[in-house]
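Below is one structure, written out as structure tokens; comments come after it.
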2 protein chains.
Amino acid sequence: MQNIDIDMKVKLIHGFSNKTRIQILECIKNQEKTVSQIVEEISGNQSNISQHLACLKGCGIIVGRNEGKYSYYSLRNQHIRDLLTMFDTVLGDVQNDVACCDRHID
Amino acid sequence: MQNIDIDMKVKLIHGFSNKTRIQILECIKNQEKTVSQIVEEISGNQSNISQHLACLKGCGIIVGRNEGKYSYYSLRNQHIRDLLTMFDTVLGDVQNDVACCDRHID
DNA sequence: TTATCATATTAGCAATACCTAATATGTGTG
DNA sequence: CACACATATTAGGTATTGCTAATATGATAA
């Protein structure tokens, strides 16, 4: 694992480290959806969601396709789905600790 | 999955989303180490590493124990190790995309 | 007890990420 | 063509994160 790989790994993980992005991923975990469906389901702001979708897509976490005036987004593949599931597993282990951790660096 | 859980999940993932923290985790992935060992191995700054260790510990990702004047840190459990491995797996899938993504939100 | 080593904590600045509001693009429809 | 709808992009301010440098704590050894 070279340095270049670490940078990419961090970038990848960063894709998952935001509440809105996690909500989007949960939202499309089992089926592709349009931007407006996502916006509605997570009660988000269109511009904001669109930016996060671009981020997730740019990081290779999701894929998008256009059909007419709609854009459909879905998880890139099963590995991403597995990763989301694994987050839940790990969360179960650490839940109490995370609950009482309200800082990230100091 | 309630909102409260999403917040905790994001907090947990955030623990993994920094280069120094990933380096620390890789460094102690297979055996516990002291702070100074970690500082040396990843060529870091003592204060900085110490802060990141506090973050990782606060998030429940690692555990620490004191012995004399040394503090030893290691991964919390096998699930964390599995998660780190899974990041590598997923990275393999998306590597090209991540490589050309140099922004996170815009 | 004084000195030294290992680690933790604090403060403040620098960098990054995120949000909202405004605007642009692109597609279908009357 | 003009208009409406779906989505993307940009700009900018605000908030969060991470870094370095300085200092504090705590343990051992001379």
Side-chain angles (χ1 to χ4, degrees), chain A residues 6-8 10-25 27-28 32-59 61-74 98 101-106, chain B residues 6-8 10-25 27-28 32-59 61-74 98 101-106:
Chain A
I6 289 196
D7 287 337
M8 284 193 283
V10 170
K11 215 176 282 186
L12 169 70
I13 298 171
H14 207 126
F16 295 94
S17 71
N18 168 274
K19 181 170 179 174
T20 303
R21 288 196 292 274
I22 285 290
Q23 287 181 118
I24 291 171
L25 293 173
C27 177
I28 64 174
E32 65 170 12
K33 301 219 172 116
T34 67
V35 178
S36 33
Q37 278 181 299
I38 297 168
V39 168
E40 196 198 341
E41 288 188 30
I42 74 181
S43 303
N45 165 295
Q46 182 269 320
S47 164
N48 192 18
I49 300 296
S50 190
Q51 290 176 70
H52 282 299
L53 286 168
C55 169
L56 289 165
K57 188 176 171 187
C59 289
I61 294 171
I62 64 175
V63 292
R65 68 181 181 90
N66 297 117
E67 196 178 298
K69 62 180 177 178
Y70 296 95
S71 297
Y72 292 86
Y73 288 95
S74 54
V98 176
C101 166
D102 54 0
R103 77 263 167 102
H104 274 106
I105 183 75
D106 56 22
Chain B
I6 289 196
D7 288 336
M8 284 194 283
V10 171
K11 216 176 281 185
L12 169 71
I13 298 171
H14 210 128
F16 295 94
S17 71
N18 168 275
K19 180 171 180 174
T20 304
R21 288 196 291 275
I22 286 290
Q23 287 183 116
I24 291 172
L25 293 172
C27 177
I28 65 175
E32 67 171 11
K33 301 218 172 119
T34 67
V35 178
S36 31
Q37 280 181 300
I38 297 168
V39 168
E40 196 199 339
E41 289 189 30
I42 73 180
S43 304
N45 165 296
Q46 183 270 319
S47 164
N48 191 19
I49 299 296
S50 191
Q51 289 175 71
H52 283 299
L53 286 168
C55 169
L56 290 165
K57 188 177 172 187
C59 289
I61 295 172
I62 65 176
V63 292
R65 69 183 180 85
N66 298 115
E67 196 179 299
K69 63 180 175 177
Y70 295 94
S71 297
Y72 292 86
Y73 288 95
S74 54
V98 175
C101 166
D102 54 0
R103 76 263 168 100
H104 275 104
I105 183 77
D106 56 21

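Below, chain A is the first sequence line, B the second, and so on; all start at residue 1.
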- Could you tell me the separation between the NE2 atom of B:His14 and the C1' atom of D:dT16, rounded to a whole number of Å? 8 Å
- Message: Please confirm whether the shortest side-chain N or O distance from B:Thr20 to OP1 or OP2 of D:dT17 is below 4.0 Å.
- Response: no
- Item | Protein-nucleotide distance (A:Asn18, atom CG; C:dA17, atom C1'), rounded to Å | 9 Å
- Could you check how far CG of B:Leu53 sits from P of C:dA6, rounded to whole Å? 16 Å
- Item | For B:Ser47, side chain to side chain contact (heavy atoms under 4.5 Å, CB included) partners two or more places apart | B:Asn45, B:Gln51
- Item | Contact residues, residues 35-47 of chain B to DNA chain D [heavy atom, < 4.0 Å] | B:Asn45, B:Ser47
- Query: Between B:Lys33 (side chain) and B:Cys27 (backbone), is there a donor-acceptor pair under 3.5 Å?
  - Reply: yes
- Whole-Å distance between C:dT16 P and B:Lys19 NZ? 13 Å
- Message: Expressed as a whole number of angstroms, how long is the span from A:Arg65:CZ to C:dG26:P?
- Response: 20 Å
- With sequence neighbours excluded, tell me which residues meet salt bridge (charged side-chain N to carboxylate O under 4.0 Å, His left out) with B:Glu32. B:Arg65
- Any A:His52 side-chain heavy atom under 4.5 Å of A:Asn48 side chain: yes
- Message: Could you tell me if the side chain of B:Arg21 sits less than 4.5 Å from the side chain of B:His14, heavy atoms only?
- Response: yes
- Task: Would you please name every residue forming a salt bridge (charged side-chain N to carboxylate O under 4.0 Å, His left out) with B:Glu40, sequence neighbours left out?
- Result: none
- Note on the structure: Sorted by chain and residue number, the side chain to side chain contact (heavy atoms under 4.5 Å, CB included) partners of A:Thr34 (sequence neighbours excluded) come out as A:Ser36, A:Gln37, A:Tyr70, A:Tyr72
- Counting only distance, no hydrogens or angles, is the base of D:dT17 paired donor-acceptor with the side chain of B:Gln51 under 3.5 Å? no
- Query: Tell me: NZ of B:Lys57 to C1' of C:dT9, nearest whole Å?
  - Reply: 14 Å
- Task: Take the protein atom CG of B:Asn48 and the nucleotide atom P of C:dA8, then report the distance between them rounded to whole Å.
- Result: 13 Å
- Residues in residues 66-73 of chain B with a heavy atom under 4.0 Å of DNA chain C, by number, are B:Lys69, B:Tyr70, B:Ser71, B:Tyr73
- Task: Check whether any side-chain N or O of A:His52 sits under 4.0 Å from OP1 or OP2 of C:dA17, and answer yes or no.
- Result: no
- Rounded to whole angstrom units, what separation is found between the CZ atom of A:Phe16 and the P atom of C:dA17? 16 Å
- Query: Do the side-chain N or O atoms of A:Arg21 get closer than 4.0 angstrom to the phosphate oxygens (OP1, OP2) of C:dC18?
  - Reply: yes
- Task: Search all heavy atoms of A:Ile61 against all heavy atoms of A:Gly15 and return the closest pair with its distance.
- Result: CD1-CA, 3.8 Å
- Item | Nearest heavy-atom neighbours spanning A:Lys19 and B:Val10 | CA-CG2, 3.5 Å
